[in-house]
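Some notes on the structure that comes next.
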Amino acid sequence: MRIAVAADNAGVALKDTLARMMREDDRVAEVTDFGVPDDSDDRAYPLLGLAAAQAVAHGEADRAVLVCGTGIGMAISANKVEGIRATVAHDSYSAERSIRSNDCQVLCLGGRVIGPELAKKIVDEWLGYEFDPTSASAEKVAHITAFEQDS
Ligand SMILES: O=C(CO)[C@H](O)COP(=O)(O)O
């Protein structure tokens with residue numbers, strides 16, 4: 001699995017922790033970082049989130065983990081990219097359903113909201129889930145895709 005990651009200054013520490021964990025995971029073939037701002041470079045989260053989400057939309061990555069202060073701005077930004085479904089998930093159940101119900105490719109986390117150990121647990125679990133295209137959920141997600149294509 002190829003993962004894109006990005007974070008603004010509020011999320012860079014957690015992003016680095018998660019990227020390090022994923023690089024050591026046999027399920028992850030590569031982790032590509034789309035923005036590593038240092039403290040002097042407060043790059044706006046939309047630019048970082050959009051770049052990573054576009055990489056997923058263009059097939060350059062399979063999924064993305066985006067981190068800002070709350071995860072909300074990253075999710076809003078990533079969802080502006082056609083074909084992308086991004087969500088904030090700070091608990092195991094939401095992370096699971098984001099894949100199994102919603103076929104989300106992008107997980108957004110808040111570096112000011114969640115601690116590193118819970119974030120690592122959520123991402124570890126998230127990596128193990130797959131969307132079932134034959135499921136009842138797939139029919140619901142198809143409505144989202146159809147609306148997007150008709151817009
Ligand atoms: O959390 C953020 C956006 O959702 C970002 O890290 C901080 O944004 P700001 O409060 O506008 O600086």
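When a ligand or atom number is given, it counts from 1 through the structure's own listing order. Computed from a predicted structure; not experimentally measured.
- The cluster map of Ile, Leu, Val, Met, Phe, Trp and Tyr, joined by side-chain heavy atoms under 4.5 Å apart, puts Leu14 and Leu107 in the same cluster.
- Any N or O atom pair closer than 3.5 Å counts here, and Gly73 shares at least one such pair with ligand 1.
- Of the heavy atoms in Thr70, both backbone and side-chain atoms come closer than 4.0 Å to ligand 1.
- In this structure, Met1 CE and Arg63 CZ are separated by 4.5 Å, a value rounded to the nearest 0.5 Å.
- Here atom 1 (O) of ligand 1 lies nearest to Gly69 when heavy atoms of Gly111, Ala75, Gly69, Gly11 are compared.
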Per-pair distances, 0.1 Å, donor-acceptor, side chain in residues 66-84, under 3.5 Å, sequence neighbours excluded:
unit_1: Thr70; atom_1: OG1; unit_2: Ile72; atom_2: N; d: 3.0
unit_1: Ser77; atom_1: OG; unit_2: Gly73; atom_2: O; d: 2.8
unit_1: Asn79; atom_1: OD1; unit_2: Ala86; atom_2: N; d: 2.8
unit_1: Asn79; atom_1: ND2; unit_2: Ala75; atom_2: O; d: 2.9
unit_1: Asn79; atom_1: ND2; unit_2: Ala86; atom_2: O; d: 2.9

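- We find that Asp103 and Arg85 are joined by a salt bridge, their nearest charged nitrogen and carboxylate oxygen being less than 4.0 Å apart.
- Under the rule for a side chain to side chain contact (heavy atoms under 4.5 Å, CB included), the partners of Phe147 that lie at least two apart in sequence or sit in another chain are Ser151.
- Ligand-side atoms of ligand 1 in range of Asp8: 5 (C), 6 (O), range being under 4.0 angstrom from any heavy atom.
- Which parts of ligand 1 touch Tyr45 is read off a 4.0 Å heavy-atom cut-off, strictly below it: atoms 3 (C), 5 (C), 8 (O).
- Near Ala10, meaning under 4.0 Å from one of its heavy atoms, ligand 1 places the atoms 6 (O).
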